[in-house]
Amino acid sequence: MFMIGLTGGIASGKSTVSAMLQELGAVIIDADQVAKDLEAKPELVWQEIVASFGREVLGADEQIDRKALGEKVFNNPKALALLNSIVHPRVIERCDSLLKQLSQSGKTKVAVLDVPLLIEANMTGMVDQVWLVAVSREVQLERLIKRNKYSKLEAEARLNSQMPLIDKLKYAHKVIDNSGSVIETKQQVVHFWEDLMHTIALREQPEGTHDY
Ligand code: ADP
């Protein structure tokens, strides 16, 4: 099984690209969803978050209010490090076991691990290739404001708190430029996918049958 780690900044287009890859036949593991599942009451991560951040991060339904929690850690490096130390190891462990299950089932050709913090959380070693979704800062800002209904200032603060794109580029095997239209992005994704299918087919050829 070939494993792709799909990453990119906030509102860069990871979900958009991940849907395209799913349509092409990849199985997607969404780390954000894994984290949400692990943070649900009464999971251990839920308990540890409540113990560390108090009941004020819970909504009326006793589930974690991600917005309230986000506000507690945003611009507070110590609190963010504490939250990451609770959540990241568990998410990594669960993603790893999901990948192993998929691989052992023998049915999946390509798995995509969709992780916003793939690079920051040192998860690049879990995958065969890193595919980075890139957008210009202006486009990213514009899409973030539109999607999350942030003010320009709020959106800029979110972007500024993230690892810059330039630093992520050195980890990327493939870069998908999502600054243009969805159709242009799809063309790049299909191109990379076809390339990958070709590589996989070559790998699967029995020894001695390569025509080079
Ligand atoms: P991420 O998963 O990285 O946070 P999304 O895939 O949710 O990003 O994309 C962010 C927003 O931008 C969404 O509202 C999405 O519909 C929109 N979007 C993504 N790609 C494009 C594109 N190429 N053109 C226009 N809008 C886009």
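Order of listing sets the numbers, starting from 1, for every ligand and every atom in it.
Hydrophobic clustering (ILVMFWY, side-chain heavy atoms < 4.5 Å, transitive): Leu80 and Val115 are in one cluster. Residues Val34 and Ile64 fall within the same hydrophobic cluster, defined by Ile, Leu, Val, Met, Phe, Trp and Tyr side chains chained together at heavy-atom separations under 4.5 Å. Under the 4.5 Å side-chain heavy-atom criterion for ILVMFWY residues, a single connected hydrophobic cluster contains both Leu58 and Ile86. Side-chain heavy atoms closer than 4.5 Å link hydrophobic residues (I, L, V, M, F, W, Y) into clusters, and following such links, even through other members, never connects Val130 to Val133.
For atom 20 (N) of ligand 1, the nearest non-hydrogen atom of the protein is Asn178 ND2, 3.0 Å. With hydrogens left out, the protein atom closest to atom 8 (O) of ligand 1 is Gly13 N, 3.1 Å, a heavy atom. Looking only at heavy atoms of the protein, atom 6 (O) of ligand 1 is closest to Thr16 OG1, 2.6 Å. The protein heavy atom nearest to atom 7 (O) of ligand 1 is Arg147 NH1, 2.9 Å. Ranking protein heavy atoms by distance to atom 2 (O) of ligand 1, first place goes to Ser15 OG, 2.6 Å.
Within a 6.0 Å sphere centred on OH of Tyr171, heavy atoms belonging to other residues, nucleotides or ligands number 12 at most.
The distance from the CG atom of Asp37 to the CZ atom of Arg94 is 7.0 Å, given to the nearest 0.5 Å.
Heavy atoms of Gly9 approach ligand 1 to within less than 4.0 angstrom. Assignment of Ser12 to the shell around ligand 1 is supported, since a heavy atom sits closer than 4.0 Å. Ligand 1 is approached by Gly180 to a heavy-atom distance shorter than 4.0 Å.
Of all atoms in ligand 1, listed by their number and element, those nearer than 4.0 Å to a heavy atom of Ser181 are 23 (N). The distance from ligand 1 to the heavy atoms of Lys14 drops below 4.0 Å at these ligand atoms: 1 (P), 2 (O), 3 (O), 4 (O), 6 (O), 8 (O).
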Take Leu38 and Val87 through the test side chain to side chain contact (heavy atoms under 4.5 Å, CB included) and record every step on the way to the result. CA-CA 8 Å; Leu38 290 174; Val87 179; over 6 Å; no
Starting from the C-alpha separation in whole Å, work towards a yes-or-no answer on salt bridge (charged side-chain N to carboxylate O under 4.0 Å, His left out) for Lys72 and Glu56. CA-CA 10 Å; Lys72 277 212 165 211; Glu56 62 260 38; 2.9 Å; yes
Should Glu156 and Lys152 be marked as a salt bridge (charged side-chain N to carboxylate O under 4.0 Å, His left out) after you check the CA-CA gap, both sets of side-chain angles, and the distance that decides it? CA-CA 6 Å; Glu156 275 176 339; Lys152 188 161 186 253; 3.7 Å; yes
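Selection from Glu142, Arg143, Lys186, Lys146 by nearest heavy atom to atom 22 (C) of ligand 1 gives Arg143.
Between Ile10 and ligand 1, no N or O atom pair is found at a separation short of 3.5 Å.
Within 4.0 Å of atom 16 (O) of ligand 1, not a single protein heavy atom is present.
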